[in-house]
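My questions will all concern the structure given below.
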Amino acid sequence: MGVTGPPGPVMDRDEVDRALARLGAEHKAVEDSLLALQDHAGRRLLEGAALTGTTEQRWAATERSIALLWTYFDVYTDALRAAREVRARRRWPGREELAELTERLCGESVVVPGSSVPDGAAARLTERFTLDRLVARMNELYAASLDVVVTADAVWSALPARIDLLAAELNRTRSLARSVGVRPGEHPAGDDLEAITEELATLRAQVVSDPLAFWRPAVGSSAPGGGRPDTDRYDRAARALEDVRREIEAVLQVRQDSESRLLRLRDLLSRADRTLAEARNARGEVLAKIAASEVPVVSGPPTALQERLATAAEYRRHARWHRLSPLLEALEQEAEDELLRARASLTAVTAPLAVRAELRGRLDAYRAKVARHGLAEDPFLSERYDAARRMLWSAPCDLRAAEQAVLRYQRAAGEVLSTGGHG
C-alpha cells in the first residue's frame, strides 16, 4: 500500500513489535469469541425458531451485526497480515518501513467496504478505521449480539421447563378434581382449572416465539444477559393453581385422612393440657423456691377447642365433608398455637429457676478460676463467695440480691486476680 505518512511520531522497532504482539492477541481473542458465538446453543435455537415480536426484530438486527462482525474480522485479519509482512522484510527495518508500519498500526489505514449496518440505516460506501478502533467496534457489536443470544437462551432454559412442570402439576390436580366431582361449570375450582390451562398454553407459545419479551434487565447492569427471566405471569398461574389444588386436596384429604387428623388433634390438645398442668405444678415450686411476685398465672385447659373437636367428630360421622374441611384446618392451626402457648407458659413460669441455675453456674465458674490461681483460701474472696452461695442455695431465693452478690464476687475476684492476691 502507499505510505501517506504516519499519524504521529514514527514508532521504533520495539514499539512496532509490541503493537503487533498486542494486536495479534486481540485478533486471537476476537476469533475465539466469534467462534464461540457461532457455536452457542442459543444462537442455533434462534436461527431455527419461528420468532415473533421483539425477538423477531432484535434477532434480525443481530444477524446483520454478526455478518458485519465477520466482515470486520476478515478486514482486520488482512490488515494485520499485511503489517506483519512489512515487518518481516528485514530484521532491522529502516525509516521508510517504520513509517509505513506506524501508518498501518496506528493510522486510519483499514478500509471496510460498504455494507448494511445493524439498524438498517443507509450504509456508507466505505468506512476507515484504525486497527484499535476496529477492535473496539467489533467488541461493541459482539457484546450487543451476545446479549441477545444469551438472553434468549436464558429465557428458553428457564421458563418453558418451569411451565411444563406446572402443566404436569395442573394435570395431576385436574385428575384429583374429577375424583371428587369438581368439574367446569359445576364448581368454581373447575372453572379456575380451565382458565389456568388456557393461560399456560398461551404463555408457553409466547415464550417460545418471543423469549426477549420475557426478560427483565438488571438495573445498572451492562453484562450480557444481565437480569433474569420475567416470571410474573408464570408466578400468577402457579399461585392460582396452588389455591385450587389446596381447595381440592382439602376435600380429598378430609375424606381420606379425617380419622388420623382427628387423632392428631386430640394428641396435640392432650399435650397442651399436660404442658399446662406441668406449668401449674412448676409455678408452685417456683413460688416456694424463689422470692418473686412476678410469676405469671397459668391458664386452664383448652375446653373450647375440645368442644369444637367434638363437633368435628360429629361432622365426620355424618360425612359432612364440606363443613369438616374448613373446621379441621382451623382446629389444626389453633391446636398448634395452643401447644405453643402452653410451652411458652411453662418457659415463662420456670424462668426464675433458669436464672438461678445460670447464677449458680457463673458463681462456680469464677470460684474454679480463682482456685486455679491458688487463691481459693483468700479470706476476702471466701467471704464474698459464701455470701453469694448462701443466697443462691436458700429458699426462697431473692434473685436480685443473689445476682448482686454474684457480681460483687466477680468484681472482687477480678481485682484479686489482677494484683495476684488481696492486699
So does Asp257 get a backbone contact from the side chain of Ser260, meaning a donor-acceptor N/O pair under 3.5 Å?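 It does hold such a pair.
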
Give me the atom names and distance for the closest heavy-atom approach of Val149 to Arg43.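 In terms of heavy atoms, the two residues are closest at CG1-N, 3.4 Å.
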
For the side chain of Thr231 and the backbone of Tyr234, is there at least one donor-acceptor N/O pair under 3.5 Å apart?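 Not confirmed, Thr231 side chain does not pair with Tyr234 backbone.
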
Polar side-chain atom of Thr55 near backbone of Leu212 as donor-acceptor pair, under 3.5 Å: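 A pair under 3.5 Å: yes.
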
Glu31/Lys28 salt bridge by N-O under 4.0 Å criterion: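 Answer for the salt bridge query: no.
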
Compare all side-chain heavy atoms of Leu200 with those of Leu241 and state whether any distance is below 4.5 angstrom.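 A side-chain contact under 4.5 Å is absent here.
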
For the NE2 atom of His27 and the CG atom of Leu20, what is their distance to the nearest 0.5 Å?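 Answer for the NE2-CG pair, His27 versus Leu20, is 12.5 Å.
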
Which residues pass the side chain to side chain donor-acceptor pair (under 3.5 Å) test with Glu334, not counting sequence neighbours?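 So Glu334 forms a side chain to side chain donor-acceptor pair (under 3.5 Å) with Arg308.
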
With sequence neighbours excluded, what pairs up with Glu329 under the salt bridge (Lys or Arg N to Asp or Glu O under 4.0 Å) test?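 None.
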
Taking all heavy atoms of Leu346 and all of Ala279, pick out the closest pair and write down the distance.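 Minimum heavy-atom separation between Leu346 and Ala279: CD1-CA, 3.6 Å.
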
Identify whether the distance between the nearest side-chain nitrogen and carboxylate oxygen of Arg89 and Glu85 falls below 4.0 Å.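 No, this pair does not count.
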
One thing to verify: whether Asp78 and Arg81 come together as a salt bridge, which I'm taking to mean a side-chain N less than 4.0 angstrom from a carboxylate O.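 Yes, Arg81 and Asp78 are salt-bridged.
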
For atom CD of Glu198, is the number of surrounding heavy atoms from other residues, nucleotides or ligands below 6.0 Å larger than 12?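 No, the 6.0 Å shell around CD holds no more than 12 heavy atoms from other groups.
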
Give every residue pair that meets the salt bridge (Lys or Arg N to Asp or Glu O under 4.0 Å) criterion with at least one member in residues 206-217, sequence neighbours excluded.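 Matches after skipping sequence neighbours: Arg216-Asp230, Arg216-Asp232.
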
Beyond-backbone contact of Ile196 with Thr173, side-chain heavy atoms, under 4.5 angstrom: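 Side-chain contact under 4.5 Å: no.
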
Kindly say whether Met11 contributes a backbone atom to a donor-acceptor pair with the side chain of Thr102 at under 3.5 angstrom?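 Pair found, side chain donor or acceptor close to backbone of Met11.
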
Does Asp267 come within less than 4.0 Å of Arg271, counting only side-chain N to carboxylate O?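 Yes, charged N to carboxylate O under 4.0 Å.
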
Say whether Thr54 and Arg58, considering side chains only, have a donor N or O and an acceptor N or O under 3.5 Å apart.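 No, because no side-chain N or O of Thr54 sits under 3.5 Å from a partner of the opposite role on Arg58.
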
Can you give the donor-acceptor pairs under 3.5 Å from side chains of residues 399-407 to other protein atoms, not counting sequence neighbours?
from, atom 1, to, atom 2, distance (Å)
Arg400, NH2, Glu294, OE2, 3.2

Distance check, rounded to the nearest 0.5 Å: Leu165 atom CG versus Glu169 atom CD?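 That separation rounds to 9.5 Å.
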
Using a strict threshold of under 4.0 Å (side-chain N to carboxylate O), is an ion pair present between Arg341 and Glu336?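 No, Glu336 and Arg341 are not salt-bridged.
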
Between Leu262 and Leu328, is any pair of side-chain heavy atoms under 4.5 Å apart?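 A side-chain contact under 4.5 Å exists here.
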
Is there side-chain contact between Leu23 and Asp132, with heavy atoms separated by less than 4.5 Å?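 Yes, their side chains come closer than 4.5 Å.
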
Provide the full list of ring pair (Phe, Tyr, Trp, His ring centres under 6.0 Å) pairs with a residue in residues 334-359, sequence neighbours left out, each pair given once.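 Counting only pairs at least two positions apart or across chains, no ring pair (Phe, Tyr, Trp, His ring centres under 6.0 Å) contact touches residues 334-359.
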
Passing candidate, side-chain hydrogen bond (donor to acceptor under 3.5 Å, both in side chains) with Gln410, options Lys369, Arg384, Arg362: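 The option that passes is Arg362.
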
Is a side-chain N or O of Gln333 found less than 3.5 angstrom from the main chain of Ala330, in a donor-acceptor match?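 A pair under 3.5 Å: no.
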
Do the side-chain N and O atoms of Ser258 and Arg316 include a donor-acceptor pair separated by under 3.5 angstrom?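 Note: Ser258 and Arg316 side chains meet the donor-acceptor criterion.
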
Treating Asp191 as the side-chain partner and Pro184 as the backbone partner, does any N or O pair qualify as donor plus acceptor under 3.5 Å?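 Pair absent, no side-chain N/O of Asp191 close to backbone of Pro184.
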
Please determine if Arg174 and Glu194 form a salt bridge, counting it only when a charged side-chain N lies under 4.0 Å from a carboxylate O.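 Result for this pair is yes, salt bridge flagged.
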
Does any pair with a residue in residues 130-173 pass ring pair (Phe, Tyr, Trp, His ring centres under 6.0 Å), and if so which ones, sequence neighbours excluded?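 Passing the test, one end in residues 130-173: no pairs.
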
Evaluate the side-chain proximity of Gln306 to Leu309: yes if any heavy-atom separation is below 4.5 Å, no if none is.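 Of all side-chain heavy-atom pairs linking Gln306 with Leu309, at least one is under 4.5 Å.
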
Look at the aromatic rings of Tyr72 and Phe129 and report parallel, tilted or perpendicular, splitting at 30° and 60°.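 Plane angle over 60°, so perpendicular.
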
Glu242 and Arg245 ion-paired at < 4.0 Å: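 Salt bridge between Glu242 and Arg245, a charged N being under 4.0 Å from a carboxylate O: yes.
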
So do Leu34 and Phe73 actually touch side chain to side chain, heavy atoms under 4.5 Å?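 Yes. Closest side-chain heavy atoms under 4.5 Å.
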
Stepwise salt bridge (charged side-chain N to carboxylate O under 4.0 Å, His left out) test for Arg317 and Glu314: CA-CA 5 Å; Arg317 278 193 295 273; Glu314 187 72 13; 2.3 Å; yes

Using atom types as modelled and distance alone, determine if a side-chain donor or acceptor of Thr151 lies under 3.5 Å from a backbone N or O of Asp147.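 Answer holds: yes.
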
